[in-house]
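Let me begin by presenting the structure, written as structure tokens, before commenting on it.
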Amino acid sequence: MNRFKTLGLTCGLSGAGIGSFLSYLAITESLSSTVITAQQAGMYSAISATIFGISLAFIGIIYNKQN
């Protein structure tokens with residue numbers, strides 16, 4: 001049981017990290033190709049960072065609740 005909780009924690013954290021990295025790549029690529037402005041890139045970065053932080057908080061809460 002404990003092994004599966006650790007596996008779930010690892011998969012959840014890696015999924016959140018990969019998603020955050022891919023959103024960073026998309027924002028920087030759009031900014032470098034002048035599809036979006038710097039102000040829009042800042043807003044998109046703030047939104048994706050907020051989603052990333054909330055995701056990590058929920059992963060931590062659920063993992064600690066199961067102990």
Side-chain angles (χ1 to χ4, degrees):
M1 181 73 170
N2 196 13
R3 183 181 71 178
F4 295 118
K5 285 182 3 184
T6 305
L7 179 64
L9 176 68
T10 304
C11 290
L13 291 176
S14 63
I18 290 170
S20 177
F21 177 70
L22 292 177
S23 69
Y24 168 77
L25 284 180
I27 292 167
T28 55
E29 182 64 30
S30 296
L31 182 62
S32 67
S33 64
T34 64
V35 174
I36 59 174
T37 64
Q39 183 179 10
Q40 289 173 326
M43 291 297 294
Y44 295 150
S45 296
I47 291 168
S48 66
T50 302
I51 292 171
F52 179 65
I54 290 171
S55 299
L56 290 181
F58 279 132
I59 290 171
I61 289 169
I62 291 171
Y63 181 76
N64 286 331
K65 194 167 225 168
Q66 297 299 321
N67 284 337

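Only heavy atoms go into these numbers, but all of them, side chains included; no hydrogens, no water, no symmetry mates.
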(message) How long is the straight-line distance from CD1 of I36 back to CD1 of I27, given to the nearest 0.5 Å?
(response) 6.5 Å
(message) Please determine whether the number of non-hydrogen atoms from other residues, nucleotides or ligands lying under 6.0 Å from atom CZ of F52 exceeds 12.
(response) yes
(message) Distance check, rounded to the nearest 0.5 Å: I61 atom CD1 versus I54 atom CD1?
(response) 10.5 Å
(request) Please report the closest heavy-atom contact between S45 and S48, naming both atoms and the distance. (result) O-OG, 3.1 Å
(request) Using side-chain contact (heavy atoms from CB on, under 4.5 Å) as the criterion, list what pairs up with L9, not counting sequence neighbours. (result) L13, I59, Y63
(message) Tell me if a side-chain donor or acceptor on S20 pairs with a main-chain N or O of A16 at a distance below 3.5 Å.
(response) no
(message) Going by side-chain contact (heavy atoms from CB on, under 4.5 Å), name the residues that satisfy it together with E29, two or more places apart in sequence or in a different chain.
(response) S32
(request) Is it possible for you to say whether Y44 and V35 belong to one hydrophobic cluster, with membership spreading through side-chain heavy-atom contacts below 4.5 Å? (result) yes
(message) Distance check, rounded to the nearest 0.5 Å: N64 atom CG versus K5 atom NZ?
(response) 9.0 Å
